[in-house]
Structures are given as structure tokens and as C-alpha cells.
Amino acid sequence: MPTIKVATPADYDLPRDVCSYGYFVLAPNYWDTKARVLWRVFDLGQRAVLAKVSQKSRRGGSLSVWTSESLDKTEVAALRAQLTRMLCLDETAEHLAQFHALDPRFAASGKGRLLRSPTLFEDVIKTVTSCNVTWPGTIQMNKRLCEVLGKRAVVAKAAPQAHAFPTPAKLARARPATLRARCRVGYRDTRLIELARLFVLPPSRGGIDESWLADPATPDEVVFKSLIELPGVGPYAAANIMQLLGRYSRLPLDTESVRHGRSVLGMKGTSAQIMKRVKQHFEPFGAHAFRSYWFELWDMYEAKHGPSHTWERDSTGKLFTAAALNAT
DNA sequence: GGTAGACCTGGACGC
DNA sequence: GCGTCCAGGTCTACC
């Protein structure tokens with residue numbers, strides 16, 4: 001069975017660090033709660049391959065990545081690069097300690113890394129599919145996008161996941177009617193296609209410049225202004241994409257922020273007033289504001305529903321509807 | 001600059 | 001089983 005080893009930072013903990021953000025239940029990711037392993041189909045260019053990521057010893061042990069087919073050197077390099085972005089393996093324990101020094105509440109658990117996607121493109125599409133829709137709707141849209149437009153891996157019928165996430169080129173060529181009817185994305189159809197086209201175009205012709213967005217020398221404010229120009233991306237989505245780029249200074253404020261402000265932080269006022277107050281509340285955490293905000297929310301979810309690594313994909317969606325969250 | 005209403009889907013609820 | 005209501009962030013038109 002082909003298996004590759006991937007080194008991790010000294011404090012890396014697979015269940016904690018994968019199940020740190022809702023994307024771990026979005027296709028093509030599949031978290032096996034019993035075995036505590038991550039399944040995912042990776043698009044490696046010429047073909048899609050199913051991978052199972054496991055960690056024998058917690059806290060710093062290397063990852064074992066089993067793949068459904070033998071990979072050549074180029075594919076192994078592509079897989080390593082995708083896993084590094086997805087699991088934030090390039091964020092050192094020392095860098096994470098800066099966050100824990102600012103917010104010691106999460107030092108003992110070591111929480112701080114946030115799961116993201118292997119590509120910025122997938123993060124942007126996932127963010128847009130999470131806007132103006134309840135969480136079960138987001139789960140469905142991503143599942144269908146993979147099934148309809150993602151490359152299929154050669155896997156057994158019972159495999160937990162068979163399709164990769166669509167490539168920008170594939171989504172750019174899709175018809176709006178297909179996205180609407182088969183992927184159930186609703187009015188997001190043309191916006192998703194326009195976004196995909198921007199990832200296909202080179203930056204010199206108006207396409208998205210990923211390296212510029214990721215460059216620490218590019219100021220957060222400039223990145224925010226650039227992201228908010230994208231179709232389907234408003235203030236919430238732009239701030240969320242920023243945290244997925246590792247820029248944690250802004251909060252993606254939404255109805256969940258308002259609920260948290262009211263029910264946990266005891267704030268009063270209109271939704272707009274509470275959003276302002278939540279923002280002010282987390283300003284002391286500066287460059288790590290989002291992490292403080294997010295893990296405070298995440299702790300609340302875990303207090304209600306148990307550790308996140310026990311949340312099943314098919315039932316998790318219902319835990320995060322407004323009705324379920326309001327019922328305490 | 002601020003605000004109202006449309007945009008879609010799927011779940012909840014009442015009958 | 002059907003109809004109605006509601007949640008959700010972005011976009012456009014309008015003031």
C-alpha cells in the first residue's frame with residue numbers, strides 16, 4: 001500500500017487541528033470520527049487520488065498519508081504542497097506561541113491552527129457557498145460541486161469520498177444552469193463561474209494574484225479592498241478569506257457574531273451595534289483577533305456538542321442551524 | 001453613506 | 001402532502 005510520511009511542527013495534533021474549522025465536514029473532506037483520520041480526494045493534475053491522513057502519536061508525530069494509487073515524484077510533491085497549505089504545517093510552534101501569549105486561554109489546549117483548503121480557489125468558493133445560506137445548504141452545495149464537476153478517483157464503491165474539488169478551469173467552463181439545477185447553488189451560479197475565471201486568468205490580464213495576496217508585505221487593508229471587489233464577496237466573505245490566507249486581524253462578522261455577542265458576551269442593542277461591539281471586544285488581540293474570536297466560539301460549540309473530532313458530517317449540519325444554536 | 005428589497009434553497013411548521 | 005414562513009450575506013437601486 002503506497003504511503004508517504006509528512007513531517008509536522010512539534011505541537012501538531014491531527015484531530016485538534018483538522019477539526020478546528022467547519023470546512024472539515026465539507027466535501028471533498030471526510031473526517032472519520034472513529035478512526036480519527038482525514039479522508040480526501042486530491043486533484044494532482046493529471047488525475048485524482050484518494051488519500052487517508054493519519055497520525056500515530058499525538059503532538060508532533062509525523063503524518064502517514066496512504067494513497068489509493070502509487071504516485072510519481074511530481075505527484076508526491078504536489079500532494080505535500082497541498083497538505084502543507086491545508087493543515088498549516090508551515091506555521092511553527094514558535095509562531096503559534098505569539099497567539100497564546102496574547103490569549104492564554106488557548107495555551108493549554110494548544111488550539112490555534114485553522115484548517116483551510118489545499119488551494120485559495122477552494123477557500124474562496126467554499127466561502128461564497130457559505131454566504132446567505134444555512135450550514136446544511138453549504139454542506140450540500142460543496143458535496144454536489146464535487147460530484148458534478150470534480151475529477152473522480154479510482155476507488156472502491158464504499159470509499160468515503162470519490163471526487164475531488166473542481167478545478168478553476170472546470171468551474172469556469174460550467175454553465176450557470178448546470179450549477180443551479182445540479183449543484184443547487186441558486187443565484188450564486190454566475191458569481192461562482194466569474195470567480196473561477198478570475199483564477200484561470202493570469203494576474204497580468206486581471207486574474208487573481210495569489211502570491212501578492214499571500215505576501216506578508218501586502219498590507220491587510222489593501223488585501224481586504226482587493227477581495228471585496230470580487231463577485232459574491234462582501235465584507236463578511238472578504239474577512240473570512242483573509243483568515244484563510246493566515247491574516248487574522250479582521251473578524252468575519254455575521255449573524256453568528258451577533259448571537260455570540262448577545263448570548264455569551266451579554267451585549268445589547270441592534271445587530272449593527274452588536275457587530276461593532278464584538279469587533280471592539282476583540283481588538284486588543286490585534287493581529288490574532290480572529291483566532292481569539294473563533295476559538296471562543298468553537299469552545300462554546302464543543303461545550304454544547306462534545307469535542308469537534310466526534311462530529312459526524314451527516315448530522316453536524318443540523319447542530320448549526322439558528323434554531324439549534326439558540327436553544328441552550 | 002445608509003437602507004430597503006430581491007436573490008435562492010432547504011428546513012420547520014401548520015393544516 | 002402541500003403551502004407558508006424563515007435564515008442567511010451580497011448586490012442594486014434609491015434617497
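So that the names make sense, note that chain A is the first sequence line, chain B the second, and so on, each numbered from 1.
Checked against A:Trp311 for a ring-ring contact (aromatic ring centres under 6.0 Å, His included), the options A:Tyr21, A:Trp135, A:Trp298, A:Trp31 give a single hit: A:Trp298.
A:Gly137 comes within 4.0 angstrom of no nucleic acid atom, judged by non-hydrogen atoms across all strands. Heavy atoms of A:Val233 sit under 4.0 angstrom from primed sugar atoms or phosphate atoms, though from no base atom. Across all strands, A:Leu230 comes closer than 4.0 Å only to sugar-phosphate atoms, never to a base (heavy-atom distances).
Between C:dC11, B:dC7, C:dG8, one nucleotide has an atom nearer to the side chain of A:Arg188 than all others, and that is C:dG8. Across B:dC8, C:dT10, C:dA7, the shortest atom-to-atom separation from the side chain of A:Thr134 is found for C:dA7. You'll find that the side chain of A:Tyr187 is closest to C:dG9, out of C:dG9, C:dT10, B:dT9.
Between A:Trp39 and A:Trp66, the two ring planes are perpendicular [angle over 60°; tilted spans 30° to 60°].
Taking 4.0 angstrom as the limit, A:Thr255 places a side-chain polar atom (N or O) nearer than this to OP1 or OP2 of C:dG9. At B:dG10, one or more side-chain N or O atoms of A:Arg144 fall inside 4.0 Å of OP1 or OP2 (strictly under the cut-off).
The interatomic distance linking A:Trp135 (CH2) with B:dG10 (C1') rounds to 16 Å, in whole Å. Remark: C1' of B:dT9 and NZ of A:Lys143 are 16 Å apart, rounded to the nearest angstrom. Going from atom CZ of A:Arg182 over to atom P of B:dC8 covers 20 Å, rounded to whole Å. One can place CG of A:Leu195 at 12 Å from C1' of C:dT10, the figure rounded to the nearest angstrom. Regarding A:Leu192, its CG atom lies at a distance of 14 Å from the C1' atom of B:dC7, rounded to whole Å. Look at CG on A:Asn240: it is 11 Å from P on C:dG9, rounded to the nearest Å. In this structure, A:Met141 places its CE atom 10 Å from C1' of C:dG8, rounding to the nearest Å. Atom CD in A:Gln140 sits roughly 15 Å away from atom C1' in B:dC8 (whole-Å rounding).
For the atom pair A:Met300 CE and A:His305 NE2, the distance stands at 7.5 Å (nearest 0.5 Å). Note: A:Arg85 CZ to A:Leu245 CG = 6.0 Å, rounded to the nearest 0.5 Å.
Comparing A:Arg184 and A:Asn132 along DNA chain B, the residue whose closest nucleotide (by nearest heavy atom) sits nearer the 5' end is A:Asn132.
No close placement of the A:Trp294 and A:Tyr248 rings is indicated, their centers lying 6.0 Å or farther apart.
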